[in-house]
Amino acid sequence: MSARNGGDNDTGGPVARDELRQTPVAELTQAQAKTELRRLADELHRADRKYHGEDAPEIPDALYDKLKARNAAIEERFPDLKRPDSPSETVGAAPAETFAKVTHAQRMLSLANAFEAEDIRDFDTRIRRYLGLEAGAPLSYTSEPKIDGLSLSLRYEAGRLVQAATRGDGAVGENVTANARTIGDIPERLTGAPTVLEVRGEVYMRHADFEALNARQAEAGEKTFANPRNAAAGSLRQLDAGVTARRPLRFFAYGWGEVSAPLAETQMGALDRLQGLGFAINELTTLCDGPADMLAQYARIEQARAELGYDIDGVVYKVDDLALQQRLGYRSTTPRFAIAHKFPAELAWTRLEAIDIQVGRTGALSPVARLTPVTVGGVVVSNATLHNEDYIAGRDAQGNEIRGGKDIREGDWVQVYRAGDVIPKVADVDLSRRPEDADPYRFPETCPECGSAAIREEGDAVRRCIGGMICPAQAVEKLKHFVSRGAFDIEGLGEKQVAQFYRLGWLREPADIFTLQERDASHRKALVSPAERIARVEADARPEARLRLAEAAGLDAWDRAAVHARLEELSATPLAEIKGWGAKSAENLFAAIAARRRIALDRLLFALGIRHVGETASRLLARVYGTWEEFVAAMDDAAGCTGPAWDRLTGIDGVGAVMARSLVTAFAQAEERAGIERLVAQLEVEPVEAPPAQQDSPVAGKTVVFTGSLEKLTRAEAKARAEALGATVSGSVSAKTDLVVAGPGAGSKARKAADLGVETIDEDAWLDLIGGA
DNA sequence: GAGCCTCGAGTTCC
DNA sequence: CTCGAGGCTC
């Protein structure tokens, strides 16, 4: 147990023993319960307040946990007595359901990965080439262990910690300020820091602390964590900062975001500066003078790994010179000046019990390995992806043998690892342990969910079910996609609910969502009769199909008559009276659905789930066509895959022939089109304003060319923005070009611009010109 | 036509 | 997170 955690329950002293001699919860009277809840609330709140900044907490952690457990038990037995200030809710700060979102002043990027020595040498070569350095020129890098925790950005203004945010998707994270303040390694105040300073680093948990925490959790009857990283993540993301305060979290600083004044001229200098300000910097951080030195340092850190006392998953190298870092800049998701050299993934052998096929929303048949559960990298894995047909067969997309041509069979012993420490994959097969009766796996040529043909297009890696909305798996996945975050994002209608409603026959397609309330009011929710639902699953050879329907109907086992009766009953029962719903949640659901009848064009386009058309493409299309009517007309006009409408579509930067054909086909096919029309009939589609071409912008009427890589904008965005400001964007530089915006890596176009005497500026200058935002 | 970069789609476990 | 494939640049 760490020094920070007061002690074990048996060291709790008289108070603890007294607490434990309480009346069992089951025997409490109402009045006793009420009194005790008040006392527990007082005590726990006081403990939470006292905990911060004092060496010795008022009560030991084990007792704190017991009091909290008792409070929860009493609340469970007497829910009506639960206090408004219940300690089981958020302590201190105003109760919040989730963390507030925080937009990072500077994006928190991830790092490119390297696995081999070769990758590191390539990294060095690439950087030298990019910077135009000669082979022998000196170039140093910092190296430091890559801590296996979660990244955190700390914002200090005038030396005070004002905000702590998780990485999130890099652009927007979660505000965990109250929690970060409870971490001992994170200073509340800095002296001598720039006015604005964002410190970035990793929150982690030491092995010993992790084990002590798990022991405590187990004793308190709460869930234990699979590994220190999960424990650290789970602890930081507590809505109750009082809980975080009791978790032994630590913090290493490794970088920074926005700063009002430079920290130093080198990476190493900046880290020293951060250390001087009071941050912990990893003690294994060193300076390397080239790839050979970096690899030697990698070997040293790998050696030291087992003794460190905390998890690391590789080594990070960064160009030391900050001016060079700036010249190298960033790609869309990673800096060019840094790379993470990952340790080999942990491997584990286990038995492949079965190969199952899942059907996705596009009809893709994906094989999933069902494994005898095995621990890999601290997590128990029982499923793993097998990618596709070729991967199982031991062939690559060109039909060449891979992995020595070992085909994977049910019953085999397979080697599993977690790619990027997350996604379990099957890496290898032990042929010597293959059972004699193992047959080569035959990839199905019909859809296991609906029996339709599953066809593999020429040159495609995946086999797809052609059943469309006939296929229950595709229908459910389409519905899930429809309600997902970037699409309709209907509160109270998540994956579980749509799957359930589909099984009950209440929803067949997205349009049905908007008629649900009406059907609910008339006590006839089912669009598919119970008899039909039952016939459907009885036609399915797999017993789990029946079981799933029975479960959706709220039964434990398949019994045709009972299922039929339940389906009838549920269809006729208002949602508000169905178990697990209630008046308020039903009301909220219908309100949320109604609120989404008005939907922005880009969300609608994404929600349709047309192949190759994702979030980004939907946004582009919406900006170009503006309104639903305009968009549909364009799809119809382009149906022949030729003509001006087709040219306009494929002329959009980011839309090629494949996506265009996919779009046009979706609107031309009678059934798919009818489904779309049924949906849109329920909606009011908000136009997306292609910001009106401004006549007065500094670039209005000019011809602009973008070249090289842009860092703050995608090319498509840059083009759209420039056009919105009245500029014409061209692909090649000519005498007619007014302005060239050249990012790093610009080649022939920048040279041509120089030859022609065309004005050339960099991306930042461009953003200044058009007014930033 | 090759090579790079980004997007889309599919994946697991908590 | 990773793979595959689409789309763009050179």
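Please read all numbers here as calculations on a predicted model, not as lab measurements. A note on names: the letters A, B, ... follow the listed sequences, proteins ahead of strands, and every chain is numbered from 1.
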Distance test, side-chain N/O of A:S366 to OP1/OP2 of B:dT11, below 4.0 Å: yes
Value in whole Å for how far the P atom of C:dC3 lies from CD1 of A:I423: 11 Å
Sugar-phosphate, base or nothing in reach of A:A617, heavy atoms under 4.0 Å: sugar-phosphate
Nearest-Å distance for atom pair CG/P, residues A:L386 and C:dC3: 14 Å
No-hydrogen, no-angle side-chain donor-acceptor test under 3.5 Å, A:H341 and A:Y317: yes
Nucleotide of C:dG6, C:dC3, B:dT12 approaching A:K425 most closely (side-chain heavy atoms): C:dC3
Distance, rounded to the nearest Å, where A:N388 contributes CG and B:dT11 contributes C1': 13 Å
Euclidean distance, atom CG of residue A:L620 to atom P of B:dT6 [Å, nearest integer]: 14 Å
A:K342 bridged to A:D148 by N-O distance under 4.0 Å: no
Between C:dC1 (P) and A:D313 (CG): distance, integer Å: 10 Å
Nearest to side-chain heavy atoms of A:T385, which nucleotide of B:dG10, C:dG7, B:dT11: B:dT11
Upstream residue (5' side of DNA chain B) when A:A226 and A:G614 are each assigned their closest nucleotide: A:G614
Interatomic distance where CG belongs to A:N230 and P belongs to B:dC13 [whole Å]: 13 Å
Could you pull out all donor-acceptor pairs under 3.5 Å where a side-chain atom in residues 362-380 of chain A meets a protein atom, sequence neighbours excluded?
residue: A:T362; atom: OG1; partner: A:R464; partner atom: NH1; Å: 2.6
residue: A:R370; atom: NE; partner: A:D356; partner atom: OD2; Å: 2.9
residue: A:R370; atom: NH1; partner: A:N383; partner atom: OD1; Å: 2.7
residue: A:R370; atom: NH2; partner: A:D356; partner atom: OD2; Å: 3.4
residue: A:T372; atom: OG1; partner: A:E353; partner atom: OE2; Å: 2.8

OP1 or OP2 of B:dG10 under 4.0 Å from side-chain N/O of A:Q358: no
salt_bridge(A:E477, A:K480) N-O dist < 4.0 Å: yes
Sugar-phosphate only, base, or nothing, as touched by A:R611 at under 4.0 Å among non-hydrogen atoms: sugar-phosphate
Out of B:dA9, B:dT12, C:dT2, whichever nucleotide has its closest atom nearest the side chain of A:A419: C:dT2
Per A:V379 side chain, nearest of listed nucleotides B:dG10, B:dC14, B:dT12: B:dC14
Touch class at under 4.0 angstrom, heavy-atom based, for A:A364 against every strand present: sugar-phosphate
Per A:R361 side chain, nearest of listed nucleotides C:dG6, B:dC7, B:dA9: B:dA9
Centroid-centroid distance, A:F606 to A:H481, less than 6.0 Å: yes
Integer-rounded Å distance: B:dA9 P and A:Y391 OH: 23 Å
Between C1' of C:dG4 and CE of A:M659, the distance in whole Å: 15 Å
Side chain to side chain, A:L152 and A:L236, heavy atoms closer than 4.5 Å: yes
From B:dC7, B:dC14, B:dT11, nucleotide with atom closest to A:K223 side chain: B:dC14
Minimum-distance nucleotide to A:N383 side chain [options: B:dA9, C:dT2, B:dT12]: B:dT12
Sugar-phosphate only, base, or nothing, as touched by A:V462 at under 4.0 Å among non-hydrogen atoms: nothing
Among B:dC13, C:dC3, B:dG10, the nucleotide that comes nearest once only the side chain of A:S382 is considered: B:dC13
